[in-house]
Protein chains: 2
Amino acid sequence: MNTASPTRKPSRIQKRNRKLILDAALEVFSTHGYRGATLDQIATCAGLSKPNILYYFTGKEEIHITLLNGLMDTWLAPMREIDPEGDPLEEILRYVHRKLEMSREFPRESRLFANEIIQGAPRIGPHLEAGLKPLVDETSTLFEGWMAAGKLAQMDARHLIFSIWATTQHYADFAAQVRVLMGEADVEGGARAHLDMMFRRLLRP
Amino acid sequence: MNTASPTRKPSRIQKRNRKLILDAALEVFSTHGYRGATLDQIATCAGLSKPNILYYFTGKEEIHITLLNGLMDTWLAPMREIDPEGDPLEEILRYVHRKLEMSREFPRESRLFANEIIQGAPRIGPHLEAGLKPLVDETSTLFEGWMAAGKLAQMDARHLIFSIWATTQHYADFAAQVRVLMGEADVEGGARAHLDMMFRRLLRP
DNA sequence: TCTTTTCTTGACCATACGGTCAGGAACCGC
DNA sequence: GCGGTTCCTGACCGTATGGTCAAGAAAAGA
């Protein structure tokens, strides 16, 4: 019986294999996109047989959705950690640095989301509305309060957030391009210094 | 006989149909990615039959590569238009605005490139090295000269370029997300004002 | 007009892919 | 050790997809 049974805590094997599958799927989906990924690739990558994959998940789409949902929390955590009581400039800079770190630490997750959004968010659209939007609205209000209090330079809070996302995730999503253009240089360190300077200049009242 | 014949100027019909195909392919590839796109979709979208598509192109991959190569020039044109003799700050701001305009005007092209790069640039990698890198190197040198002359704030020129690309293309590549978060607001105008202010603050010596 | 070349297509093919199923193997409480 | 449940797989199926081909329709020369 599969996981459809309502009350049944997952066995040791179940936990291990679902993790194997999701990890393999993250690898494959993030590099080939949803349509480009195949169950065979995921199975091989996970070290399991294809029917076994379908023993744990009802189909390809469920794997993808499970991944996206599970990752959403991790992905938004840094924004949730912005402290309304902290120093505005330092809080936002900390957020920038945390996002950049995540770009380096979880590039596959970043690309998974990027792939999904670029293609019109066909499978995660509802979750954007329900999960992301409230958080962004709240954070925007917080930023606007800081600006009104003269703690930050005046600007559109949502566009500021877009700029932070864009500049930090760029290093994960466009890594192939960055690698070509930067060669052997210390990309990570350079990016950190650049973004710190950039947002410091931008936000200083 | 197909286009492999070396010396043969394309007929009227040939020109029209190749254009139809490439335009349809841009639409389909940019929204579904390379693997997600099918020849049938492209054929339907172009109003031609599938075998007819394959009369003009040897296969799916050739269509994709032709698209990428043909678009590269258009895509890099704004960077080529930066005037070394112009006012540094205004030249770069003009570049930012031009890139943002292209995001609005050619979102499909932007997503096509984004898809390709995210997946590791498997089909355009060589062209990045040969076409993009020299131009970026040259532009970086120009920027560094301006910085050394005290016309711009000091920073890493390559990371500056990344920041410009990331923030402007974000509005095309992540349009689905922006739409959810901004609702009916005037995204275009807000983005223009925000990026102008942002890079002005950043670059002012 | 007649001929040659270019263009177009319906029918077809081989493969790849998502998914199913019957039955066997491994695990687990007893 | 035994019975029942969970876990696993080889073989298989229907469909979608990239691509081919022979032959007809349309243009283009002559």
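A, B, ... follow the sequence lines: proteins, then strands. Residue 1 opens every chain.
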Separation of atom [atom1] in [X] from atom [atom2] in [N], rounded to whole Å:
X	N	atom1	atom2	value
B:Ile13	D:dA28	CD1	P	6 Å
B:His32	D:dA16	NE2	C1'	15 Å
B:Asn52	C:dT9	CG	P	5 Å
B:Leu39	C:dT9	CG	C1'	15 Å
A:Glu61	C:dC17	CD	C1'	16 Å
B:Leu54	C:dC13	CG	C1'	14 Å
B:Gln41	D:dG18	CD	C1'	13 Å
A:Tyr55	C:dA26	OH	P	15 Å

**Report entry** hbond_proxy A:Lys60 side chain to C:dG19 base (donor-acceptor, 3.5 Å cutoff)
**Finding:**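 Such a pair does not exist between side chain and base.
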Query raised in the report: How would you label the contact of B:Ala43 with the nucleic acid (heavy atoms, under 4.0 Å): base, sugar-phosphate, or nothing?
Result: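 If one applies the 4.0 Å heavy-atom cut-off, B:Ala43 turns out to touch nothing in the nucleic acid.
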Report task. Classify the ring geometry between A:Phe162 and A:His159 as parallel (under 30°), tilted (30 to 60°) or perpendicular (over 60°). Result ->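 Because their plane-to-plane angle is over 60°, the rings of A:Phe162 and A:His159 count as perpendicular.
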Query raised in the report: Using the ring of each side chain (for Trp, its six-membered ring), is A:Phe174 parallel, tilted or perpendicular to A:His170, with breaks at 30° and 60°?
Result: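 Parallel: the ring planes of A:Phe174 and A:His170 meet at under 30°.
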N or O in side chain of [X] less than 4.0 angstrom from [N] OP1/OP2:
X	N	answer
B:Asn17	C:dT6	no
A:Gln14	D:dC7	yes
B:Tyr56	C:dT6	no
A:Arg35	C:dC17	no

Query - Of the listed nucleotides D:dC8, C:dT9, D:dG18, the one nearest the side chain of B:Asp40 - result: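 Minimum distance to the B:Asp40 side chain belongs to D:dG18.
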Query raised in the report: Which residue, B:Arg16 or A:Tyr34, contacts DNA chain C at a nucleotide closer to its 5' end, judged by nearest heavy atom?
Result: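 On the 5' side of the pair lies B:Arg16.
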Query raised in the report: So, B:Glu101 and B:Arg104, do they make that salt bridge, N to O below 4.0 Å?
Result: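 No, no charged N to carboxylate O under 4.0 Å.
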Query - Check: B:Gln41 side chain, B:Val28 main-chain N or O, donor-acceptor pair, under 3.5 Å - result: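 Side chain of B:Gln41 to backbone of B:Val28: no pair is present.
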Query raised in the report: With no hydrogens and no angle check, do the side chains of A:Arg123 and A:His64 hold a donor and an acceptor under 3.5 Å apart?
Result: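 On atom types as modelled, these side chains qualify, holding a pair under 3.5 Å.
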